[in-house]
2 protein chains.
Amino acid sequence: MISVKMCMIGERALAETSDFKAEPPEGIDALGASSEGASLYQLIREDIIEGRLAANERLVVTDLARRHGTSTNPVREALQLLRGEGFVTFVPNRGARVRPIDQDFVRDIYEIGVLIEPALTRWFVNMATVEDIAELERIQGLIEENNFADTFRHSELDTAFHTVMYQRHYNRHAAELWWKHREVLRAVSRRFNFTLARRAAIIREHRELIAHVKAGNADEAAELIARHVEGSGRHVLEHMRARNAARAG
Amino acid sequence: MISVKMCMIGERALAETSDFKAEPPEGIDALGASSEGASLYQLIREDIIEGRLAANERLVVTDLARRHGTSTNPVREALQLLRGEGFVTFVPNRGARVRPIDQDFVRDIYEIGVLIEPALTRWFVNMATVEDIAELERIQGLIEENNFADTFRHSELDTAFHTVMYQRHYNRHAAELWWKHREVLRAVSRRFNFTLARRAAIIREHRELIAHVKAGNADEAAELIARHVEGSGRHVLEHMRARNAARAG
DNA sequence: ACGCGATAAATCGTACATTGTTTATAGGAA
DNA sequence: TTCCTATAAACAATGTACGATTTATCGCGT
């Protein structure tokens, strides 16, 4: 159904493990802004993703400045950064608002993921070290041990699992797109209070994936990831649709 | 060699033609910033892409403000927007610099293009109207008429050609990624003073593409685009490599 | 020649002025 | 009375000016 081959144009250096912590892959370049602007960016960003700021809520510069004990300029700076990331919208002379993370937005992100992640996976399978594989199995062990008891912990572990794979990326932009995908998913799951369905499928797919990696079977791993992303995308959207219908009805 | 199928998750509305002019696909959201900041953003952006500002050149806020007859705040705003787009880097307490568009950067962009554009093409083939096809043929006529005599005009026409295809996008993010690809290519071609090789191939590929679109042959069109992007990527990188070697030697 | 201190320059944060938008209120007509 | 409109006042975004802090540069002394 889906089938994505990786395409490499020109040679490349292997990505350092270090530039891809459990933290953001330095959105194009690290924090960049100065101390206050950057920390405000982090804070407001978390407020948006965690849902403490509602969709379409106005982001009044003077309020935010007062609340965080700074003046307005650092706030403007943070908002511009968030705008670049797509979490905030601006209307001229009317200021900023929290961008609602709607179905169209989520759908688009997942579809990009379906195109990108298999290629990253293919590269990982070819480059994975024994340490990488051991780390994957360790995390998978923790995931199965947790067994969805703590959904927050599951989400963290799942991110860790994929981070191990994508820290060996062949393409920084692609890896950043994946990270954005993750962040949006985090936002959605906070807002719509996810209960993960597909539990058995998730465990099974991860195990299958590890097997493919061990066997050096890039094609099948890529295919598996494509279906994995597609499936979870459909599930998330279905959940959003149901919730919105319930809210409207 | 490459083969990308499109994946659709959930239903969607057809993109309006109007939201995808010959102008940028409203980078996540239109201009956004206020009049002055936005126009500065445009101006500085063009200065960077057109090469009037050199790679790694310092972007001193006060200078830019004086030059454009404003105060510093709109300049800071514009620079933050450019940072979000990746054309400018920041170092805390040391300000902004023009990000050099190096081979790694270009390679990454093209590889994303290879993954994204075939999917957009597939969608276009399925949704194209007779007017779309007529427009493609009209532009193709102009391209062949020009026959690379004016390379700038060729570039404009080529962009128009692809814009016709991608204005019928199924995924806004994907279309924006394409646009970014275009902008980077424009920057590279200005800096490295392109002489387009592959002239015969470009004409031939466009004709083939139109034929596939007319026949409703999505698979072959997507495959063709994948090879088209890959080929032009390799060519661009080869050109950059040669130029850099010449400059160093 | 090399480290060290003074000076210059530019960023970053703050305070303020201006401009545009929203809201509330008063007045008038149906 | 009720609804609409016009006007004014509050509110907030945008632009300007300035001071504080950090960084870079240059020259001096050893």
Side-chain angles (χ1 to χ4, degrees), chain A residues 26-45 47-48 53-100, chain B residues 26-45 47-48 53-100:
Chain A
E26 32 174 311
I28 288 266
D29 67 26
L31 317 99
S34 76
S35 146
E36 297 227 30
S39 58
L40 273 179
Y41 159 74
Q42 302 272 8
L43 289 173
I44 300 175
R45 190 171 189 282
D47 282 346
I48 292 176
L53 292 169
N56 273 318
E57 183 166 340
R58 274 191 81 179
L59 296 170
V60 178
V61 178
T62 52
D63 287 359
L64 291 170
R66 203 177 11 250
R67 187 170 320 165
H68 293 93
T70 70
S71 69
T72 60
N73 257 357
V75 176
R76 294 192 218 178
E77 192 176 318
L79 291 180
Q80 292 299 341
L81 294 179
L82 288 165
R83 174 188 171 281
E85 244 185 318
F87 286 118
V88 157
T89 60
F90 273 82
V91 179
N93 284 322
R94 268 189 273 177
R97 285 176 183 276
V98 177
R99 170 178 295 245
Chain B
E26 30 175 312
I28 289 266
D29 68 26
L31 316 99
S34 76
S35 144
E36 220 142 341
S39 59
L40 273 179
Y41 159 75
Q42 303 271 8
L43 290 172
I44 300 175
R45 190 172 189 281
D47 282 345
I48 292 175
L53 293 169
N56 272 318
E57 183 166 341
R58 273 192 79 178
L59 295 170
V60 177
V61 177
T62 53
D63 287 359
L64 292 170
R66 203 179 8 252
R67 187 171 321 167
H68 293 93
T70 70
S71 70
T72 60
N73 255 357
V75 176
R76 294 192 219 178
E77 192 176 318
L79 291 181
Q80 292 298 340
L81 294 179
L82 289 166
R83 174 187 170 282
E85 244 185 320
F87 286 117
V88 157
T89 61
F90 273 82
V91 179
N93 285 321
R94 268 189 275 177
R97 285 178 183 276
V98 177
R99 168 177 295 242

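Protein chains get the first letters and strands the later ones, always in sequence-line order, with residue 1 at the start of each. Both backbone and side-chain heavy atoms feed into the values below; hydrogens, waters and symmetry mates do not.
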Inset, instruction - Have a look at Q80(A) and tell me which of E77(B), R76(B), R83(B) forms a side-chain contact (heavy atoms from CB on, under 4.5 Å) with it. - result: E77(B)
Inset, instruction - Would you mind reporting whether F87(A) and I44(A) have side-chain heavy atoms less than 4.5 Å apart? - result: no
Inset, instruction - Select from R58(B) and R76(B) the residue whose nearest nucleotide in DNA chain C is closer to the 5' end of that strand. - result: R58(B)
Inset, instruction - Grab the CG-C1' distance between L79(A) and dA13(D) for me, whole Å please. - result: 11 Å
Inset, instruction - Identify the two heavy atoms, one from V88(B) and one from A96(B), that lie closest to each other, and give their separation to 0.1 Å. - result: CG1-CB, 3.7 Å
Inset, instruction - Let me know the distance between CG of D63(A) and P of dA12(D), rounded to the nearest Å. - result: 6 Å
Legend entry - Spacing between L64(A) atom CG and dC11(D) atom P, to the nearest angstrom: 17 Å
Legend entry - Whole-Å gap separating P (dA10(C)) and CZ (R67(B)): 12 Å
Inset, instruction - Let me know, please, whether R94(A) or T72(A) comes out on the 5' side of the other along DNA chain C by nearest nucleotide. - result: T72(A)
Inset, instruction - Report yes or no: is there a donor-acceptor pair, N or O only, under 3.5 Å between the side chain of N73(A) and the base of dT14(C)? - result: yes
Legend entry - Contact summary for P74(A) and S71(A), nearest pair of heavy atoms: CD-O, 3.3 Å
Legend entry - Which nucleotide in dA13(D), dG15(D), dG13(C) has an atom nearest any side-chain atom of T62(A): dA13(D)
Inset, instruction - For dG15(D), take OP1 and OP2 only and decide whether either is under 4.0 Å from a side-chain N or O of S71(B). - result: no
Legend entry - Separation of atom CZ in R66(A) from atom P in dA13(D), rounded to whole Å: 11 Å
Inset, instruction - May I have the distance from F90(A) (atom CZ) to dA12(D) (atom P), rounded to whole angstrom? - result: 16 Å
Legend entry - Backbone of N56(B) reached by a side-chain donor or acceptor of R97(B) within 3.5 Å: yes
Inset, instruction - Choose from dG13(C), dT22(D), dG15(D) the nucleotide whose nearest atom is closest to any side-chain atom of E36(B). - result: dG15(D)
Inset, instruction - May I have the distance from L40(A) (atom CG) to dG13(C) (atom P), rounded to whole angstrom? - result: 9 Å
Inset, instruction - Quick one: label L59(A) by what it contacts on the DNA or RNA (base, sugar-phosphate, nothing), any heavy atom closer than 4.0 Å. - result: sugar-phosphate
Inset, instruction - Just compare dA10(C), dT16(D), dA12(D) and give me whichever is closest to any side-chain atom of V60(A). - result: dA12(D)
